[in-house]
Engineer: 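Quick one: the structure is below, questions incoming.
Residue numbering restarts at 1 for every chain, and letters A, B, ... go by the order of the sequence lines.
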Amino acid sequence: METANTNYNRRSFLKVSALAGGGMLIGFNLFSSAKAANLVPTATPPGEAAGLTSFIKISPEGKITILAPNPEFGQNVKTAMPMIVAEELDVDWQQVIVEQAPFNTKLYGRQFTGGSQGIRQGWKSLRTAGASARQMLIEAAAQAWQVPAAEITTEAGVLHHKASGKSAGYGAMASAAAALPVPKDVKLKAVNTFKILSTSHKNVEGTNIVTGKPLFGLDYRQPGMLIAMMVHPPAFGQKLKSFDATPIRKMPGIQDVFSIQVYPDEYERQIFDDRTFNELVVIVGRSTWEVMQAKKKLRVNWESMADRVEKENAFGQKREVTIPGGLESTDAHYAKMKERDAQPAKQLRRDGDPEGAFKSAAKVIERTYTAPFLAHNNMEPLNCFAHVTPEKAFLAAGTQAPDFIERTIAARLGMPIDKIDIQLTRMGGGFGRKAYCHYMVEAALISQKMKAPVKLIYTREDDMTYGIYRPMYSLTFRAAFDAANNLTGFHVRGGGIPESPLGRSEGNFPAGAIDNYLADEWALPSNITIGAFRAPRSNFIAGAQQAFLDEVAEAMGKDPIDFRLELLERAKKNPVGKNNTYEVDRYAGVLKLVRDKSGWGQGNQPGVHRGVAVYFCHNSYAAHVVDLSMKDGQPVVERVTSAVDCGVVINPIAASNMIEGAVVDGIGNALFGNLTVKDGKPDQSNFDKYRMIRHNEAPKKIDVHFVQNEIDPTGLGEPPFPPVIAALANALYKATGKRLYTQPFGPQLGKSIQG
Amino acid sequence: MHSLKKNELNTIAVATFNLKINGKISRVDVDPATPMLWVLRDHLNLAGTKYGCGIAQCGACTVHLGGTAVRSCQLPVSAVGKEAITTIEGLSAKGDHPVQKAWLEHDVAQCGYCQAGQIMSAASLLKSNPKPSDEDIDNAMSGNICRCGTYTRIKAAIKTASKR
C-alpha cells in the first residue's frame, strides 16, 4: 500500500476547516506537487473556503460535494476527478454531488486543460485529499467511541467498529473531524482494491446534456445583455484601414459600431496571447440576428501589412519575432516547403555516423510527407460574455487556459488581477483552440466601451477564418540499407509553416533503435497564425513516420508488427544514444495487444485490407489496426481495433469514448481535413467547403482494449489520435497498391481508384 | 402581415407571431426573416437548440416542425405558421424519451454541444422508421456533425432506442 505524505510542499498542501452550518471542508491544491508557482495562496478568500481551497464538503447530514476543478470540454474530467477523490474517501459514488469549481487560480491551482495532463498531475493530490479526509473521520470516530482508530473500518460513507457494533455516517463525525489536525501521512488504497475507479460511471452531466440545459458559453446570459459581433480582415496579412458604419447604424436593434485594438502596439505577448488580427470592427446590438444582418452590410476597407516585429515572452523567455507581410497562398507554401527541405537544416539528434551509413548504403528509400493547415472547427463557435465596470471585470466563457488569459485581461484593462472574475462554462469542443483566448480580451474591451453586459459571438465563418490553425508540416524520411538488406541508417527531417513538427520529439522511437540516426529541422515564417491542435506535432509525425516504417518493413520483406517489435527489442537490449523518451515494454505491449485482439496475421476476410500503427505521446501509448474495404473508390472502415496503455484506467466507459472519438477524428482529418489559402484568404469558411467526417464515413465498429497494469494514470485526450492516421494510410496502401504522401487522402483516392 | 417591405433606411418591420412551441403558445415580435434558431435562443430563452454553422450544414440547430426534423437556422419564423415546433427542451417532460434514455445508457456525449441536434434527428428518424437499418441511420444522421467523433455510440444508441 502506498503512503502519501500530506506535507509534500513547502507549505501545507491540505487544510481542513469547519463548514458554516456544521460539517467538514477539505481543501487542497490540485497540482501542488507539480508546480511551485501555483501553490497555496497567501490571501485568505472569504466565506466558507476561508484559509485554503475548497474541494470536498461533508455536511452534517452526510451530503458529499466534490468540486471538479478543471475546465470540461468533453474529456470527462468533471466525472473522473471526483471519482478519484470518492475512491479514497470511501463513499458511495451515487451519493456524491459534483460541482464545477469557479475559476480561481488562488483557490484551485492550475486549471489548464491541455497536454492530456489533468489526470496525470492531479492523481496524487486527489487521492491524498480523499484519504486524508477519511483518516480524520476515522480519528473523530475513534475519539467519540473511545476505541483504537486502527479498529475502525469504512464502507460507502459509513464508519464501523466491529467489536462494539458501533457505526456512524460520515456526516455525524464531520464537525468533530474538522477540528482535528491533518494527518501527516495517509495510506492510499491498493489499486486492486478500487471500488469506484476502473469501473464505468456515466458522465455526471449526461442528463443535462440530453435535455438541452444551458451549459455552454453560448448559452450564458444576463439581464440587459447586448450581443456583439466582430469583423476581421478577410485575408491574413491585412489590417483595418477604415470603415463606414453609416448604412448600418440605423438598422433595427443596432446600438453601436466601433473598432477595438485588442493589444497595445508594444504589448509583449504571453504564450497563449496568439492573435491574428489586432484591430477589429465591432457591431453591438440587441439580438444576434439583428447584429448578423448589420454585419453583412458593413463596409470596410482593408490594407496590406508590411513585415512587423512582435515581442514575445514564452514562460519568461523573451524574444522578438518577425511576422512577414504579404498575402500568402497554399500552392506557394508547398513549393517553398519543397525548396527549403532540400537545404541544410538544424540538427536535433545525431547517433553514430548517419552520413557514412547513407554513403555506403546499397539502397536508400526516401519519402516526403506533407499535411495542410487544419482548422479546429469546434462545434461551438468562439464566444464570451463580459461585464466590465470600473470596479471589476466579470467574464463567462469556455476557456482551456483561464489562468493565462486572466493575466492578459488584467493587463489590457489596467485592472489588478484580483478584480478579474472568470466563470468557466462547459466548452463545446476545445482541441487546443480555446487555449488562445483573444475572444475574451475582445469581449472585455467591448463591454468596457459599452458600459454594459455584452456577449461576443463569432459566426462560424469568423471562427474558421481567424487562424490559430494546426501548422502545415513536412517530414522527409530516409532509410539506408546494406547489401544484406539490413537497416543501417535513418534520417528524419522535419519542417513546417511556421514551425517544424520535430523539436520536442527527438527522443521518440525509432530513435534509440537504429545505430546511425539523424534528425534535423527547418521552419518558414508566415503571417498565418497557428496553435495547439489535439496532440501538437505528434498529430503529423505519427501519421508520416508509421507509414514510412511500413514501407521500410515491406522493403525488408518483414511483417509490419514483427519489424517494429524487432526494432523495439534492439532499443531495449542495446539502446542507441541518450534521452530516449519511451518505455520499450509499454510500446511493445500495445503492439502485441492490438496484434492479438485484431487477429493480425490470421488471414484477412476477402476484400478487407488492414493497416497498423503505434505511437507514444503525452505519456501514453496507443496502437490501432484499421480494417477497410473499398466502395466506389472511397474507403469503408469496417473495424478499428485499438490498444492503449494509459496506466490505471480511471473510468473505462469514458476512456473508451475518448479513444473512439480520437479514431473518428483521426480518420476524418486524414481523409478530409484541409484549410487552404489564396492571396491570404481562406478558401473554406464553413462546413459546406470544409469537409468534416460524418456518420456515414465513421468506422462501423471500434473495439477498444486497455493494457491492464497499476501504473499511475496518464492522459487520453491526445495519445490515441495521431497513430490512427498512419493505420489508415497503411490500410489504404494494401487496398489500392498506392502509398499516399499528402494529406488529405480523400481527394486523391477518388481520382486514383476509379474502377 | 408577412409581406412587409423594407424601407430605405434598412429598417425592417417587426411582426407578431404566435408560435406553438413545446405545447405552449409563445408570442414574439421579431423581423419575419429571423430564423427560428435565434427566435428560440434570443427571444424565448430556449438555448438547448444550438448554433453551429448557420447554413444547415451541421445539424446542431435541429428541431421538429410538425414532427419532422428541420434545421432551425434556415427556417424563418414567418414560415412556421400554425405548425407545432418541438425543441430538445420539449422532447419529453422528464428527459425520458427513449432516445434520451438510450443516449445516457451508452454515455454518448463528450463535449455534448451537438447532441441536442443529434437527438432531435434520431427521434424524428425513429418516428418515421421505428426499425432503421445501419444505412437508414447513416442517411438520416449524416447531416449532423459531431466534432468529438461519437458517431459509433450514436448509432448504437439509436438501435437501443429502436428496440423500445
Engineer: Contact between B/Arg153 and A/Asn657 at the side-chain level, heavy atoms closer than 4.5 Å - yes or no?
Structural biologist: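 With C-beta onward as the side chain, the pair touches.
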Engineer: Who wins among B/Ile55, B/Ile119, B/Thr152 for the most heavy-atom pairs under 4.5 Å with chain A?
Structural biologist: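 Sorted descending by pairs with chain A, the first entry is B/Ile55.
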Engineer: Show your working on side-chain hydrogen bond (donor to acceptor under 3.5 Å, both in side chains) between A/Thr288 and B/Asp42 and close with a plain yes or no.
Structural biologist: CA-CA 7 Å; A/Thr288 314; B/Asp42 280 2; 2.6 Å; yes
Engineer: B/Arg147 side chain to A/Met379 main-chain N or O, any donor-acceptor pair under 3.5 Å?
Structural biologist: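 The answer is no, because no donor-acceptor pair under 3.5 Å joins these two groups.
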Engineer: With rounding to the nearest 0.5 Å, note down the distance linking NE2 in B/His106 to CD1 in A/Ile653.
Structural biologist: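 Going from the NE2 atom of B/His106 to the CD1 atom of A/Ile653 covers 9.0 Å.
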Engineer: Would you say A/Thr207 and B/Leu104 make side-chain contact, with heavy atoms under 4.5 Å?
Structural biologist: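 A/Thr207 reaches B/Leu104 side chain to side chain.
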Engineer: Using a 4.5 Å cut-off on heavy atoms from C-beta on, say whether the side chain of B/Ile88 contacts that of A/Thr211.
Structural biologist: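 The answer is no, as the side chains (C-beta and beyond) never meet within the 4.5 Å cut-off.
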Engineer: If you count heavy-atom pairs within less than 4.5 Å of chain B, which of A/Asn378, A/Thr459, A/Ile702 leads?
Structural biologist: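 Heavy-atom pair counts peak at A/Thr459.
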Engineer: In terms of heavy-atom proximity below 4.5 Å to chain A, should B/Val108 be classed as side chain, backbone, both, or neither?
Structural biologist: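 The backbone, not the side chain.
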Engineer: Under a 4.5 Å cut-off applied to non-hydrogen side-chain atoms, are A/Met658 and B/Gln110 in contact?
Structural biologist: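 The answer is yes, as the side chains (C-beta and beyond) meet within the 4.5 Å cut-off.
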Engineer: Could you check whether A/Arg694 makes a cation-pi contact with B/Tyr151, meaning its NZ or CZ is under 6.0 Å from the centre of the six-membered ring and within 45° of the ring axis?
Structural biologist: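 Pair A/Arg694/B/Tyr151 does not count as cation-pi.
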Engineer: Relative to chain A, which of B/Lys94, B/Glu105, B/Glu135 shows the most heavy atom pairs under 4.5 Å?
Structural biologist: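 Greatest number of close heavy-atom pairs with chain A: B/Glu105.
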Engineer: Go through A/Ile254, A/Leu218, A/Ile457 and name the one with the most non-hydrogen pairs under 4.5 angstrom from chain B.
Structural biologist: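 Option with the top pair count is A/Leu218.
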